[in-house]
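Everything below concerns the one structure shown next.
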Amino acid sequence: FKLLEHFHTQEEPSFCGLGTLVVCLNALGIDPHRKWKGIWRWFTESMLGCCEKLEVIKEKGINFPKFTCLARCNGALVTEIRGCDLDEATFRERVKECVSQADGPVLVCAYSRKEFLQTGDGHYS
């Protein structure tokens, strides 16, 4: 399961979107077109500033349109689907499609942590 191989802990509390995106981009084998360290080409959160400044994300987090913008400008094909646009059965089918294929696609969910009685609010996973 490629996502687990690329697990990454977010560097800042407000970087859940960036941390999730780093995992996805690396799991999908997308080339960042620049070196991380030495000869290795690897995405890190510090590379993801094309749609919003990292300082702004650190202060406020990132909304869904900016998250998808970051994914696209770093080479991912993105299909945006909002929860209100599909029913539970369709959502479950999408999850099955994603987890049954070793090389993608991946599914990212943006949700409110408050619904799970957790601290904070918006979260990506």
Side-chain angles (χ1 to χ4, degrees):
F1 195 55
K2 289 197 177 213
L3 289 174
L4 290 177
E5 295 174 15
H6 298 279
F7 182 78
H8 168 79
T9 301
Q10 66 199 56
E11 294 175 18
E12 297 288 340
S14 59
F15 279 11
C16 57
L18 299 184
T20 297
L21 190 53
V22 162
V23 171
C24 295
L25 294 170
N26 288 328
L28 292 168
I30 296 174
D31 185 351
H33 301 288
R34 55 197 176 274
K35 292 179 182 175
W36 167 57
K37 292 183 181 180
I39 61 169
W40 294 284
R41 295 156 76 94
W42 194 259
F43 280 100
T44 64
E45 293 168 346
S46 64
M47 295 177 173
L48 302 178
C50 58
C51 298
E52 185 70 89
K53 292 180 180 179
L54 290 175
E55 298 81 27
V56 173
I57 298 171
K58 186 175 180 179
E59 182 182 328
K60 297 181 179 181
I62 191 166
N63 63 28
F64 189 62
K66 296 251 171 103
F67 177 88
T68 58
C69 175
L70 280 173
R72 285 187 179 105
C73 75
N74 283 286
L77 289 171
V78 177
T79 302
E80 296 176 42
I81 303 170
R82 297 189 179 267
C84 60
D85 294 336
L86 46 102
D87 59 23
E88 182 180 342
T90 306
F91 174 74
R92 289 178 179 273
E93 197 57 41
R94 296 280 181 160
V95 171
K96 287 178 190 175
E97 289 171 15
C98 292
V99 300
S100 65
Q101 299 177 51
D103 294 327
V106 297
L107 176 75
V108 173
C109 292
Y111 60 94
S112 172
R113 296 176 70 107
K114 289 180 181 180
E115 296 297 318
F116 298 100
L117 304 177
Q118 298 175 342
T119 58
D121 191 7
H123 189 63
Y124 292 86
S125 187

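Since this is a predicted model, take the numbers as computed values, not measurements.
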Rounded to the nearest 0.5 Å, what separates atom [atom1] in [X] from atom [atom2] in [Y]?
X: Asp121; Y: His123; atom1: CG; atom2: NE2; answer: 11.5 Å
X: Trp36; Y: Thr44; atom1: CH2; atom2: OG1; answer: 8.0 Å
X: Leu48; Y: Phe15; atom1: CG; atom2: CZ; answer: 9.0 Å
X: Cys16; Y: Glu11; atom1: SG; atom2: CD; answer: 13.5 Å
X: Arg113; Y: Ser125; atom1: CZ; atom2: OG; answer: 9.0 Å
X: Arg34; Y: Asp31; atom1: CZ; atom2: CG; answer: 9.5 Å

Taking all non-hydrogen atoms of both residues into account, name the closest pair between [X] and [Y] and its distance.
X: Asn74; Y: Ile30; value: O-CG2, 3.2 Å
X: Lys35; Y: Met47; value: O-CE, 3.8 Å
X: Ser14; Y: Ile57; value: OG-O, 3.1 Å
X: Leu3; Y: Ala27; value: CD2-CB, 3.8 Å
X: Val106; Y: Cys24; value: CG2-SG, 3.8 Å
X: Leu70; Y: Leu18; value: CD1-CD2, 3.5 Å

**Report entry** Common cluster, Phe64/Ile62, ILVMFWY with side-chain heavy-atom separation under 4.5 Å
**Finding:**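 Yes, Phe64 connects to Ile62 through the hydrophobic network.
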Query raised in the report: What about Phe91 and Tyr111, same hydrophobic cluster or not, with Ile/Leu/Val/Met/Phe/Trp/Tyr joined at side-chain heavy-atom distances under 4.5 Å?
Result: no
Requested in this report: Give me the other members of the hydrophobic cluster that Val56 sits in, counting Ile, Leu, Val, Met, Phe, Trp and Tyr linked by side-chain heavy atoms under 4.5 Å, directly or via other members.
Outcome: none
Requested in this report: Under the disulfide (SG to SG under 2.5 Å) rule, collect the residues that match up with Cys50, sequence neighbours excluded.
Outcome: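 Counting only residues at least two positions away or on another chain, Cys50 forms a disulfide (SG to SG under 2.5 Å) with Cys73.
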Query - Contacts of type disulfide (SG to SG under 2.5 Å), residue Cys51, not counting sequence neighbours - result: Cys69
Query raised in the report: Would you say Pro105 and Cys98 make side-chain contact, with heavy atoms under 4.5 Å?
Result: yes
Requested in this report: Using side-chain hydrogen bond (donor to acceptor under 3.5 Å, both in side chains) as the criterion, point out the one residue from Gln10, Lys58, His8 that pairs with Glu45.
Outcome: His8
Requested in this report: Might you work through the side chain to side chain contact (heavy atoms under 4.5 Å, CB included) test for Glu55 and Glu59, ending with a clear yes or no?
Outcome: CA-CA 6 Å; Glu55 298 81 27; Glu59 182 182 328; over 6 Å; no
Report task. For the residue pair His6 and Trp42, categorise the inter-ring angle as parallel (less than 30°), tilted (30 to 60°) or perpendicular (more than 60°). Result -> tilted
Report task. Kindly write out the residues that satisfy side chain to side chain donor-acceptor pair (under 3.5 Å) with Asn63, not counting sequence neighbours, or none if the list is empty. Result ->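 Asn63: no side chain to side chain donor-acceptor pair (under 3.5 Å) contacts found.
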**Report entry** Partners passing side chain to side chain donor-acceptor pair (under 3.5 Å) against Asp85 (at least two apart in sequence or in another chain)
**Finding:** none
Query raised in the report: How about Arg92: does its CZ atom have over 12 heavy atoms from other parts shown lying under 6.0 Å from it?
Result: no
Requested in this report: Look at atom CD of Glu115 and say whether more than 12 heavy atoms of other residues, nucleotides or ligands are closer to it than 6.0 Å.
Outcome: no
Would you be so kind as to tabulate the donor-acceptor pairs closer than 3.5 Å made by side chains of residues 77-84, with sequence neighbours excluded?
| from | atom 1 | to | atom 2 | distance (Å) |
| --- | --- | --- | --- | --- |
| Glu80 | OE2 | Thr68 | OG1 | 3.4 |
| Glu80 | OE2 | Arg72 | NH1 | 2.9 |
| Glu80 | OE2 | Arg72 | NH2 | 3.3 |

